[in-house]
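I have placed the structure first, in the form of structure tokens, so that the comments after it can refer back to it.
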Number of protein chains: 2
Amino acid sequence: MATRTDAPTRREQILKEAARLFAERGFHGVGVDEIGAAVGISGPGLYRHFAGKDAMLAELLVGISGQLLKGAKRRLAEADGSSGPTEVLDSLIEGHIDFALDDRPLITLHDRELDRLRDSDRKLVRQLQRQYVELWVEVVRQVYPALAEPTARSAVHSVFGLLNSTPHLGRSGSLPGRGATAALLHRMARGAFEAVGA
Amino acid sequence: MATRTDAPTRREQILKEAARLFAERGFHGVGVDEIGAAVGISGPGLYRHFAGKDAMLAELLVGISGQLLKGAKRRLAEADGSSGPTEVLDSLIEGHIDFALDDRPLITLHDRELDRLRDSDRKLVRQLQRQYVELWVEVVRQVYPALAEPTARSAVHSVFGLLNSTPHLGRSGSLPGRGATAALLHRMARGAFEAVGA
DNA sequence: CAGGGAGGTTAGCGCTCGTTAACCTGTGGG
DNA sequence: CCCACAGGTTAACGAGCGCTAACCTCCCTG
């Protein structure tokens, strides 16, 4: 697994807190002083680690998109040959759910603050997102060959909406436990695809 | 139907444009001068119609929540007795889809800028939202009696995520037409519920 | 032991933005 | 005819915020 046990670097602390604050109150609703305070330093000290507030957002969004895509590609490669498209789709769903449950702030940012990026960064993020979507679309059409491509794409976007609803599912208190929530989302996603593909 | 054929009042113009701009660039990302320009007047002229920028957002969010709840109650009352719970659920889904397709900017605002409201307004909106959710939960549990209440509530929130994904479905260009999109969303929503309720 | 860079600090500049003040203009009723 | 008011205008103020400047202090290395 190569999980990292190192202490998180200052940069990572900052990114994590910035993600949380941006998700809670929006990019423009958070000041640099607040981000600094969240990691124990104050205001302009952040500029030793980032070129500016925009750079933090950019790194967050590019990171999310890249991580999602990378994970999906890995799952696709792992399952290649050894299992059918249905298992691959299940694996994609599982990966997306893990992400939605573990990194709720990032999921929130993902489709909320994209317009605040510089043109080049926004294009990069959009490209990564599109690749991710197209990868899903291919797998979905293997499982449900009757689906036309535009329909499959719309269905994929809608299922993302479903899976990304985790920030609205109670403030992580009233949930029936992480495993149960993951299973619920998984069944609903499969059911949604099934309803349009069969 | 009592559809209104009057010309929209200035207040309504402002609210509509403000909703669009807030949805596009966020509450803090839009200046009052921009909102004014969008309706042909400039900057501070808005203060003849609203107490402030916050008041516009408040009126928008309270309006959305109230309208959604009102529509749902009406549909519930109309179908009472004359049809089974399945038809009521279909009617609720249909109403929510109409709203998501016709007022995309408002749907976007609905779960994005709630924290910017004054405490009293935010509590009001939250209360309206909760009533709306509980109304759905009751109907869902009538259709699928096997569902425990917390599970049903999570499922409802997730379906809202699915239905509210319309802003991500192409910029209203590549869709296969409004009717087809509505039908797609409807089938997926029903499939998602079916997958956890049966 | 010198010194230099990494990583902080506080002070403050400059710009943006919400809001207010003061003023103007058409229009409809007494 | 007048005048009050609805609905605009521009000027300007004040607060907040991103960012820079200038400085300080460890710690690590030659």
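To find a chain, count down the sequence lines: A is the first, B the second, and so on, and within it residues start at 1. Excluded from the calculations below are hydrogen atoms, water molecules and symmetry mates; all remaining heavy atoms, backbone and side chain alike, are included.
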**Request:** Nearest 0.5 Å please: distance from the CD1 atom of A:Ile14 over to the NE2 atom of A:His49.
**Result:** 4.5 Å
**Asked** Do the side chain of B:Arg75 and the main chain of B:Ser91 share a donor and acceptor less than 3.5 angstrom apart?
**Response** yes
**Asked** Does B:Thr166 reach the main-chain N or O of B:Ala100 with its side chain, forming a donor-acceptor pair under 3.5 Å?
**Response** yes
**Asked** Is the shortest side-chain N to carboxylate O distance from A:Arg153 to A:Glu149 below 4.0 Å?
**Response** yes
**Sidechain N-carboxylate O distance under 4.0 Å for B:Asp98, B:Arg178** = yes
**Asked** Any idea how A:Phe160 and A:Trp136 line up, ring-wise: parallel (<30°), tilted (30 to 60°), or perpendicular (>60°)?
**Response** perpendicular
**Asked** Could B:Glu78 and B:Arg74 be called an ion pair, given the rule that one side-chain N must be under 4.0 Å from one carboxylate O?
**Response** yes
**Asked** Okay, side chain of B:Ser154, backbone of B:Thr151: is any donor-acceptor separation there less than 3.5 Å?
**Response** no
Find every protein N or O atom lying less than 3.5 Å from an N or O atom of nucleotides 17-19 of chain D, and list the pairs.
unit_1 : atom_1 : unit_2  : atom_2 : d
D:dG18 : OP1    : A:Val30 : O      : 3.2
D:dG18 : OP1    : A:Lys53 : NZ     : 2.7
D:dG18 : OP2    : A:Val32 : N      : 2.8
D:dC19 : OP2    : A:Tyr47 : OH     : 2.5
D:dC19 : OP2    : A:Lys53 : N      : 2.9
D:dC19 : O5'    : A:Tyr47 : OH     : 3.2

All N/O contacts under 3.5 Å from nucleotides 3-8 of chain C to the protein, with atom names and distances to one decimal?
unit_1 : atom_1 : unit_2  : atom_2 : d
C:dG8  : OP1    : A:Arg10 : NH1    : 2.6
C:dG8  : OP2    : A:His49 : NE2    : 2.8
C:dG8  : N7     : A:Arg48 : NE     : 3.0
C:dG8  : O6     : A:Arg48 : NH2    : 2.2

**Message:** Please report the distance, rounded to the nearest Å, between CD in B:Gln13 and C1' in D:dG7.
**Reply:** 13 Å
